[in-house]
2 protein chains.
Amino acid sequence: MTQSSQKINMADVARAAGVSMATASRALNNDYGVSEATRRRVLAVAEELSYVVSPEASRLAGGDTGRVAVVVPHISRWFFAALLEGLESVLRAADLDVLLYHVDGIEDRHDFFHRLPARRKVDAVVVLAFPVGEEEQRRLELMGVTVIAAGGQHAPYPNVSIDDETAGRQAMDHLLFLGHRRIAMIAAVDPDQPDEVQPSGRSNAYYAALRDAGVPIDERLVVTVDWGGAQGADAMAKLLSQPEPPTAVYAHSDEVALGAIRTLRRAGLRIPEDMSVIGIDDHPVAELSDLTTVRQPVREQGELAGRMLLSILGGEDTDHDVLVPTQLVIRGSTAPPRA
Amino acid sequence: MTQSSQKINMADVARAAGVSMATASRALNNDYGVSEATRRRVLAVAEELSYVVSPEASRLAGGDTGRVAVVVPHISRWFFAALLEGLESVLRAADLDVLLYHVDGIEDRHDFFHRLPARRKVDAVVVLAFPVGEEEQRRLELMGVTVIAAGGQHAPYPNVSIDDETAGRQAMDHLLFLGHRRIAMIAAVDPDQPDEVQPSGRSNAYYAALRDAGVPIDERLVVTVDWGGAQGADAMAKLLSQPEPPTAVYAHSDEVALGAIRTLRRAGLRIPEDMSVIGIDDHPVAELSDLTTVRQPVREQGELAGRMLLSILGGEDTDHDVLVPTQLVIRGSTAPPRA
DNA sequence: TTCGGCAACGGAAACGCTTCCGAAACCTGC
DNA sequence: GCAGGTTTCGGAAGCGTTTCCGTTGCCGAA
């Protein structure tokens, strides 16, 4: 049994290597002031004894925790998961551990900011894709650590995200360019977020695009639903029940768009002949469903946020806000309206 | 500024409450041997001073770390994310912190088991949905902590998962019941996993079901691809290029099935009239795509694993293996073959 | 009144490291 | 050969808790 290895500490290693603990510590941490020969010897002994420093003791004595808290409102939705994946990869590459905090729903969220379970446990916190309210900011401040954000909007912290309004414009302009004039919008809101802080760039884009195109706005063509495919399906039904349905639908996300498509299919309508549909995100299934969309690089945003954090932690200056570009991806769900 | 709160330690609290550190510690930890009045006083002072114990110091002196490592091969795939979500929710409810380790690809995986970055940092590790090789088991043992698994197969650890073979049988039996005889299988393997440890329950089900139904096996109807929608699409194309294509397709997962459907649509074939398609998992988009599938409760598996871990950590006995039931969900992608 | 027992509490020794500071050993150029 | 500088290294003081023992004070029983 290697059970005994549990009890080995730095003193043992130092003794076995014939050096003091001070030197052993420096060697193990690749610190300055140890000859190459000594370092190698210490490292060899450590390896031999299968020794690893106790993070607890190390942190108690030394400085930072080597951990960062990541706060996410959802895990199993692709967007959030992809963001997390990108972030985790760069943080772990930098030997930072990721503490995952899923704030599931408004109550859980309140609890998180109130109890601050990550307090004293991390060097930084990354807020993933949700807007932080003012009171919540004040709570976060109590932690006294660096905070950055990714994937969200209007964050008061250093932030990487896309420009939602631009993305929305790319989608709308595509539909307009194809000749559509009766364009509906299925706006999606996250029921888990307080209303006041909901970003609205994707909605703004709708109105701005129509205005710029000189198309009058018909509020009956705007449906707001909770985020999700099923809700998108319902919204589409609502749109189809109107006396003068749209010829195209702009959905705030691909999932919502897919829901809309299901309704259209069930109604016997063909896509894109009878109705054009466009989403945002470029969710993996968008490609499988031949859905035209606006792509945003999600994993990259996570990675970028990770690098941003690393450099802030390293004391470097960085851009406060990084905007990553989005891009129209034309597939088979959009076409000019029937003449 | 509450900056000063950073420096407060238990000694300060003890002093302010007029007790010794020993008592303060006991009060803060709800330990035995403190009068109710004293405890309340200490708690009040702590709250007042906005004090929280230093986890590092606490762990150094005391026992466990209050953390558990979760190892996942993928994050942005729905199945893994949902599993993680369930697990995280119960662990965090039990005040355990979740350390996330994404082993991305075979190299990263090797590195993880070799360096054991979670060593000495956690009380337990949860292996999420991937088979652990023998050498890897040996490495894990070095950590000297509890290990459990979820969502995977044949784990040598306490485990919660579905019975893949049963799930596969449910899918196959449905197709057979509908009258299909030429049934193809699109088998999916994870390119990130070593071949030897790939579970094959879903494949076994295919052969067993056909055998039991007295249908001769045609190996040309079996296509094995890497996991993923695009690969499913390719596989379907391969199947369609045969002189005598199948009348139904059994895909190892919904994503793969969706890929197959895209190919079928592009080929102008109707589903289910010209071809039945069935998947496994009940991915959220399966509903949106009207895909018949075999549902497995994913989040629940994560939660179950969490509870299992909790009771093991609590010293209780638990079932070593928990199998959660799967269920056929009939939607619009399957029908009897054309006469 | 005395004494055993118990609840409440305090002193102080770990826990395993990092790092300040000083000492020793080595090198350089003259 | 030596002053002065540069490395390399060791001693030891923390870091902020938990917990083992002991002590004190109080109560009821003898």
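Order of the sequence lines fixes the chain letters, A, B, ..., with proteins taken first and strands second; residue numbering starts at 1 for each chain. Hydrogens, waters and symmetry mates are skipped; everything else that's a heavy atom, side chains included, is used.
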Mapping A:V53 and B:R39 onto DNA chain C by nearest heavy atom, which one lands closer to the 5' end? B:R39
Let me know, please, whether B:V34 or B:A61 comes out on the 5' side of the other along DNA chain C by nearest nucleotide. B:V34
Which nucleotide wins on minimum distance to the side chain of [X], given the candidates [options]?
{"X": "A:S35", "options": "D:dT18, D:dC9, D:dG10", "value": "D:dC9"}
{"X": "B:D31", "options": "D:dT19, D:dC9, C:dG16", "value": "D:dT19"}
{"X": "A:L60", "options": "D:dC15, C:dA7, D:dT18", "value": "D:dC15"}

Using atom [atom1] of [X] as one end and atom [atom2] of [N] as the other, report the distance to the nearest whole Å.
{"X": "A:N9", "N": "C:dT18", "atom1": "CG", "atom2": "P", "answer": "12 Å"}
{"X": "B:R15", "N": "D:dG16", "atom1": "CZ", "atom2": "C1'", "answer": "13 Å"}
{"X": "A:L28", "N": "C:dT19", "atom1": "CG", "atom2": "C1'", "answer": "15 Å"}
{"X": "A:M21", "N": "D:dA13", "atom1": "CE", "atom2": "P", "answer": "14 Å"}
{"X": "A:R40", "N": "D:dT8", "atom1": "CZ", "atom2": "C1'", "answer": "16 Å"}
{"X": "B:R59", "N": "C:dC17", "atom1": "CZ", "atom2": "P", "answer": "18 Å"}
{"X": "A:E56", "N": "D:dT17", "atom1": "CD", "atom2": "P", "answer": "13 Å"}
{"X": "A:M10", "N": "D:dG14", "atom1": "CE", "atom2": "C1'", "answer": "15 Å"}

Just N and O in the side chain of [X]: are any of them under 4.0 Å from OP1 or OP2 of [N]?
{"X": "B:T38", "N": "C:dC9", "result": "yes"}
{"X": "B:Y32", "N": "D:dT18", "result": "no"}
{"X": "A:S20", "N": "D:dG11", "result": "no"}
{"X": "A:N29", "N": "C:dT18", "result": "yes"}
{"X": "A:S25", "N": "C:dT19", "result": "no"}

Can a side-chain donor-acceptor contact be found between A:R119 and B:S50 if the only test is distance below 3.5 angstrom?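 Yes, a side-chain donor-acceptor pair sits under 3.5 Å.
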So, A:D190 and A:H74: side-chain donor and acceptor under 3.5 Å apart, yes or no? yes
For the pair B:E36 and B:R40, find out whether any cationic side-chain nitrogen is under 4.0 Å from an anionic carboxylate oxygen.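 Salt bridge between B:E36 and B:R40, a charged N being under 4.0 Å from a carboxylate O: yes.
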Kindly write out the residues that satisfy side chain to side chain contact (heavy atoms under 4.5 Å, CB included) with A:P117, not counting sequence neighbours, or none if the list is empty. A:Y101, A:F112, A:R115, B:R92
B:S54 near the nucleic acid: base, sugar-phosphate alone, or nothing, with a heavy-atom cut-off under 4.0 Å? sugar-phosphate
For A:E36 and B:A57, take the nucleotide of DNA chain D holding the closest heavy atom to each; which residue's nucleotide lies nearer the 5' end?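 Result: A:E36.
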How far does CG of A:D192 sit from CG of A:D104, to the nearest 0.5 angstrom?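 Rounded to the nearest 0.5 Å, the CG-CG separation comes out at 6.5 Å.
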Donor-acceptor contact below 3.5 Å, side chain A:S35 vs main chain A:T38: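 Yes; at least one donor-acceptor contact below 3.5 Å.
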Is A:D123 reaching over with its side chain to a backbone N or O of A:V68, donor-acceptor style, under 3.5 angstrom?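 Side chain of A:D123 to backbone of A:V68: no pair is present.
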Name the pairs: protein N/O against N/O of nucleotides 20-27 of chain C, kept only if under 3.5 Å.
none

Under the criterion side chain to side chain contact (heavy atoms under 4.5 Å, CB included), I'd like the reasoning laid out for A:R299 against A:L83: C-alpha separation, chi angles, the key distance, then a yes or no. CA-CA 5 Å; A:R299 195 186 206 281; A:L83 219 42; over 6 Å; no
